Amino acid sequence: MIAPYLDLVHTLRQAFPQPVSDQVHDAYFVFSFLRALDQLDAMKSASPLLGAPGTLDYEAARKSRIEENPSSLEQVTQTLVEHLSGMFIWGHPRAQINVIPPPTIASVIGGLLPMIYNPNLVSDESSRQVAVAEVEVSTMTAALVGYDPAQSAGLFTFGGTATLLYGAKLGLEKACPGSGRQGHRQRAVILCSERAHFACLSVANWLGIGQENVIHVPCSMENEIRPCLLESMGREILKNGGKIAAIVATLGTTDHFGLDDLYAIHDVRERLVEEFHLDYKPHLHADAVIGWAWSVFNDYDFAKNPLLFRHRTVRALAGAVRRIRLLPLADSIGIDFHKTGFCPYVSTLFLVKQAADLELISRRQEDTPYLFHDGHYHPGRYTLETSRSGSGALSALANLRLFGKDGLRSLLGHVVSMAEILREQLEGHAATTVCNRGNFGPVTLFRVYPDGIDTFGVLECEQKDVSYRDQLLAHNDYNRRIFQLVQEDALKGEGVVISLTDCYCESDYGEPMVALKSYILSPFAEEQYVDAVLQSLWKARAKITADPQPPRSTSPPGSTTGHPNPWARDGRRVAD
Ligand SMILES: *Cc1c(COP(=O)(O)O)cnc(C)c1O
């Protein structure tokens with residue numbers, strides 16, 4: 001009799017890709033995947049959801065336990081497919097939800113192949129040509145954003161948050177040398193704008209800088225850092241003997257696509273170094289996880305406009321590029337291919353202008369005894385992670401090759417055109433007002449008002465005039481209710497799913513300002529779906545006029561009001 005364990009081993013061998021070519025088994029592998037895709041396909045409809053929203057039963061989830069016996073691949077696949085039900089289809093023309101792109105087929109294959117053959121980017125011994133791909137993408141992207149590829153270096157890491165971590169870590173070593181080894185005892189700060197991502201707080205917390213040492217510099221109405229205030233706040237720190245671990249410029253704020261002026265920020269940095277005779281240069285990190293993609297337009301001929309974008313689009317693209325082309329002024333840059341590069345999560349590149357900077361965070365040879373005996377490329381010496389997947393690098397490479405500059409220009413131009421059409425309509429209507437006015441990106445923040453409100457002046461009054469507090473709060477509720485109604489419409493496959501941000505900014509007297517948010521990132525977006533947003537808004541307004549009840553306290557299924565920000569004061573919420 002064969003031992004039961006061997007029996008199971010033989011069965012389970014079928015659940016692995018075969019190590020020696022076996023085309024029948026390959027067909028089984030591919031077919032299993034195909035069946036999963038088929039089941040997902042059957043869940044598609046006119047609504048931008050896979051299947052139905054459903055309820056999320058965490059109670060049952062907590063009762064889950066591993067079973068005694070193996071399941072078949074088919075059973076497992078079935079379970080996995082079910083876990084995707086209720087997901088938004090980000091690429092659906094009726095989805096304008098957040099800065100989450102639909103990944104291309106090429107990038108999915110780029111992500112999948114390393115999953116099968118499992119390279120580890122810790123060194124090139126364990127990743128071979130995939131390590132080369134990381135260098136290739138780093139170089140291509142460095143050249144694209146305007147770095148000198150001969151001087152710069154890049155590494156893939158676990159998200160935009162990690163790029164801020166690397167930036168701040170390098171800066172900390174520059175400002176307080178040796179702090180990685182001995183720990184740091186001096187006060188060091190991170191300067192960023194008040195619209196910077198809350199990841200700045202996470203990073204300060206985790207690095208031991210302390211999140212209270214993140215200094216938020218006020219923004220202009222265009223959601224850009226105010227360089228003169230950056231200068232005076234920086235001066236204040238230095239006067240009191242503090243160090244500046246990093247200045248973070250945000251190029252493409254999450255909710256508003258605000259673009260900080262790197263030229264002015266760089267200038268401030270240089271002046272402070274001189275004025276205080278600093279023996280280090282405060283590290284300048286560009287959080288361009290969203291904005292980086294616009295660098296494909298750095299060398300686009302806007303006068304000739306060979307791709308024939310609409311006039312308003314050309315203006316918007318050129319407006320963004322005038323800031324994006326300054327990226328080379330930053331000492332390091334964060335780049336998310338999983339945001340505006342149409343890759344699956346996680347595909348994030350950290351670029352540093354001077355590769356030599358990485359020496360600041362390199363481990364000593366004796367600290368990494370069993371790795372790195374062979375080969376020439378040893379990112380594991382300076383990356384925070386030890387095991388690093390090749391999926392991020394290969395999916396990024398896939399899209400850079402698939403798109404070329406003109407492909408990415410066309411996709412970005414298209415989504416910006418759609419956003420411009422939306423803004424044009426919202427600005428033209430008496431009941432709506434755009435909050436991130438003069439914006440050049442794919443995201444539109446707007447508020448809807450009841451009849452009889454002068455929408456030309458109301459936003460400024462709500463922002464600045466404390467006697468508008470009650471009105472502001474009432475309008476916040478009004479917009480929440482509009483959101484719920486629009487959401488219900490969208491889930492029926494009639495309207496468009498947009499989102500709600502509970503605090504796109506604070507009023508001068510400290511109240512959160514709610515806004516509806518349309519983030520267009522689908523290549524399948526069309527003008528008719530922009531119209532559908534407006535139709536849905538008018539329908540919702542009419543409903544509220546007919547039935548002016550206060551808003552319900554719970555959100556409807558599928559509501560995407562952003563994730564709770566664990567660092568928030570006032571319980572405000574921030575999107576991804
Ligand atoms: C999304 C985002 C981050 C965080 O990036 P992840 O990839 O989600 O970790 C940081 N900064 C900005 C401006 C972002 O939009």
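Atoms within each ligand, like the ligands themselves, are counted from 1 in listed order. Note that the structure is a prediction, hence the values are computed from the model and not measured.
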- Out of curiosity, is Gly252 lining ligand 1, as in a heavy atom under 4.0 Å away? yes

- Message: Side chain, backbone, both or neither: which applies to Ile290 and ligand 1 if a contact is any heavy-atom pair less than 4.0 Å apart?
- Response: side chain

- Mind checking whether Gly160 has an N or O less than 3.5 Å away from an N or O of ligand 1? yes

- Inspect the contact between Arg388 and Glu134 and indicate whether a charged nitrogen and a carboxylate oxygen are less than 4.0 angstrom apart. yes

- Would Thr104 and Ser107 count as having a side-chain donor-acceptor pair, cut-off 3.5 Å? yes

- Salt bridge check: are Asp299 and Lys405 linked by an N-O gap of less than 4.0 Å? yes

- Query: Which ligand 1 atoms are under 4.0 Å away from a heavy-atom of Lys339?
  - Reply: 1 (C), 2 (C), 3 (C), 4 (C), 5 (O), 8 (O), 14 (C), 15 (O)

- Atom indices of ligand 1, in the order listed, that fall short of 4.0 Å to a heavy atom of His338: 7 (O)

- Does the N or O separation between His197 and ligand 1 drop below 3.5 Å for any pair? no

- Message: Salt bridge check, Arg437 against Glu222: does any charged N sit closer than 4.0 Å to a carboxylate O?
- Response: no

- With heavy atoms of Gly159 as the reference, note each atom of ligand 1 found under 4.0 Å away. 7 (O), 9 (O)

- Message: Quick check on salt bridge (Lys or Arg N to Asp or Glu O under 4.0 Å): which of Lys169, Lys174, Lys281 does Asp357 satisfy it with?
- Response: Lys174

- Item | Side chain, backbone, both or neither: the part of Val289 lying under 4.0 Å from ligand 1 by heavy atom | side chain

- Message: With respect to Asp336, determine whether any N or O atom, backbone or side chain, lies less than 3.5 Å from an N or O atom of ligand 1.
- Response: yes

- Is it true that Asp255 and Lys517 have a side-chain N and a carboxylate O under 4.0 angstrom from each other? yes

- Message: Using heavy-atom distances only, which candidate in Thr254, Asp287, Thr348 approaches atom 15 (O) of ligand 1 most closely?
- Response: Thr254

- Query: Rounded to the nearest 0.5 Å, how far does CG of Asn213 lie from CD1 of Ile244?
  - Reply: 12.0 Å

